[in-house]
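What follows is a set of notes on a single structure, which appears directly below.
Here, residue 1 is the first one in the sequence, and each next residue gets the next number.
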Amino acid sequence: MAPVQKDGPRVNREIRVPTVQLIGAEGENLGPTAIDQALALAEEAGLDLVEIAPNSEPPVCKILDYGKYKFAAQKKAAEARKNQKTVEVKEIKMRPNIDDHDYETKMKAMRRFFDEGDKVKVTLRFRGREMAHQDLGLKLLWRVRDEVQGLAKVESDPSLEGRQMVMILAPR
């Protein structure tokens with residue numbers, strides 16, 4: 001059976017190397033130190049010996065309060081999660097013979113989506129005999145592309161999927 005893998009850095013007696021590069025509680029570099037001496041210094045200060053950089057030679061260990069260290073790491077991770085934005089794909093549906101006012105309304109919504117940092121999927125649906133005039137649909141999609149040139153870039157060119165033509169635009 002494989003040993004249980006612990007998440008996070010190794011602490012105190014879990015560190016199993018003969019010497020470590022030791023950093024004191026105040027951040028001062030104490031140089032290469034025997035593990036027993038490093039543990040004694042940590043115990044004397046009433047703190048823990050925490051492995052900071054396990055892959056260096058020798059591993060870098062620091063004397064600090066492990067509870068506070070873990071709490072600060074959790075806080076940092078929560079802050080990073082809070083500040084990240086998920087990019088959504090918003091969809092704008094049109095028809096090949098869309099009226100000017102309707103087109104302007106859709107463009108206004110599209111600009112708002114780009115300002116919010118979202119991608120936009122422009123779907124052009126063909127019904128009945130409109131399938132014979134796919135060139136009109138293509139012209140409409142190129143018109144959309146040209147109007148949002150400064151705000152967005154084409155992520156995928158117009159492609160026909162069954163009875164609809166699809167183009168994806170991403171904010172710049």
Side-chain angles (χ1 to χ4, degrees), residues 1-94 106-124 141 144-145 147-159 161-162 164-172:
M1 190 164 108
V4 176
Q5 195 68 35
K6 179 182 177 278
D7 58 328
R10 291 187 292 201
V11 185
N12 297 333
R13 300 269 173 226
E14 296 170 0
I15 304 167
R16 300 200 192 298
V17 288
T19 59
V20 293
Q21 180 73 27
L22 187 63
I23 297 175
E26 310 300 313
E28 69 279 6
N29 190 347
L30 302 176
T33 313
I35 190 70
D36 298 330
Q37 188 181 353
L39 284 166
L41 286 169
E43 203 169 302
E44 191 179 299
L47 298 169
D48 301 301
L49 185 67
V50 181
E51 193 174 47
I52 303 296
N55 298 332
S56 59
E57 198 53 53
V60 179
C61 293
K62 187 173 184 180
I63 297 173
L64 49 80
D65 184 338
Y66 184 61
K68 282 184 182 175
Y69 174 79
K70 258 176 69 173
F71 180 73
Q74 278 180 330
K75 275 283 215 225
K76 201 169 155 187
E79 190 65 32
R81 273 195 308 275
K82 190 175 87 177
N83 290 335
Q84 78 183 18
K85 184 185 186 318
T86 55
V87 176
E88 290 181 38
V89 178
K90 303 285 189 171
E91 187 173 20
I92 296 281
K93 292 184 178 181
M94 295 183 181
K106 302 270 187 189
M107 291 307 291
K108 195 172 169 184
M110 207 178 295
R111 286 188 191 94
R112 191 180 72 240
F113 294 151
F114 290 135
D115 290 342
E116 292 169 4
D118 295 322
K119 291 182 181 182
V120 175
K121 177 180 179 182
V122 184
T123 304
L124 199 63
L141 288 178
V144 168
R145 180 202 59 189
E147 274 195 40
V148 295
Q149 196 77 52
L151 294 170
K153 58 183 181 286
V154 177
E155 196 169 87
S156 75
D157 287 319
S159 62
E161 296 172 5
Q164 49 191 24
M165 202 173 275
V166 177
M167 175 172 70
I168 298 176
L169 301 166
R172 283 198 188 274

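In this structure the side chain of Leu22 never reaches within 4.5 angstrom of the side chain of Gln37, judged on heavy atoms. In this structure the side chain of Lys119 reaches within 4.5 angstrom of the side chain of Pro171, judged on heavy atoms. The side-chain heavy atoms of Val144 and Ile92, taken from C-beta on, include no pair separated by under 4.5 Å. For the pair Glu43 and Asn12, the minimum side-chain heavy-atom distance is 4.5 Å or more. Proximity of Gln149 to Arg172: side-chain heavy atoms (C-beta onward) are separated by under 4.5 Å at one or more points.
What you find for Arg13 and Arg16 is that their closest heavy atoms are O-NH1, 3.2 Å. The shortest heavy-atom contact between Thr19 and Pro58 is O-CB, 3.6 Å. For Pro9 against Tyr69, the heavy-atom pair with the smallest separation is CG-CE2, 3.6 Å. Across all non-hydrogen atoms, the minimal contact from Asp48 to Ala42 is C-CB, 4.0 Å. Listed here is the closest heavy atom pair of Leu169 and Ala152: CB-CB, 4.3 Å.
Between Ser159 atom OG and Leu141 atom CG the span is 9.5 Å, to the nearest 0.5 Å. In this structure, CG in Leu47 is found 11.0 Å from NZ in Lys62, a value given to the nearest 0.5 Å. To the nearest 0.5 Å, atoms CZ (Phe113) and CD (Glu91) are separated by 10.0 Å.
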Test side chain to side chain contact (heavy atoms under 4.5 Å, CB included) on Glu147 and Arg111; report intermediate values, then the result. CA-CA 10 Å; Glu147 274 195 40; Arg111 286 188 191 94; 3.3 Å; yes
List the steps, then state whether side chain to side chain donor-acceptor pair (under 3.5 Å) holds for Asn29 with Gln21. CA-CA 8 Å; Asn29 190 347; Gln21 180 73 27; 2.9 Å; yes
Could you go through the side chain to side chain donor-acceptor pair (under 3.5 Å) check for Gln164 and Thr123 one step at a time? CA-CA 7 Å; Gln164 49 191 24; Thr123 304; 5.4 Å; no
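With Lys106 contributing its side chain and Lys93 its backbone, the two residues share a donor-acceptor pair below 3.5 Å.
Tested against Ile63, the residues Leu41, Leu39, Ile23 include a single side chain to side chain contact (heavy atoms under 4.5 Å, CB included) partner, Leu41. When the options Val11, Ile15, Leu64, Thr33 are evaluated for a side chain to side chain contact (heavy atoms under 4.5 Å, CB included) with Leu49, the one that passes is Ile15. Test Asp118, Leu151, Val120, Asp115 against Met110 for side chain to side chain contact (heavy atoms under 4.5 Å, CB included) and you get one pass: Val120.
Around atom CD of Glu116, more than 12 heavy atoms belonging to other residues, nucleotides or ligands sit under 6.0 Å away.
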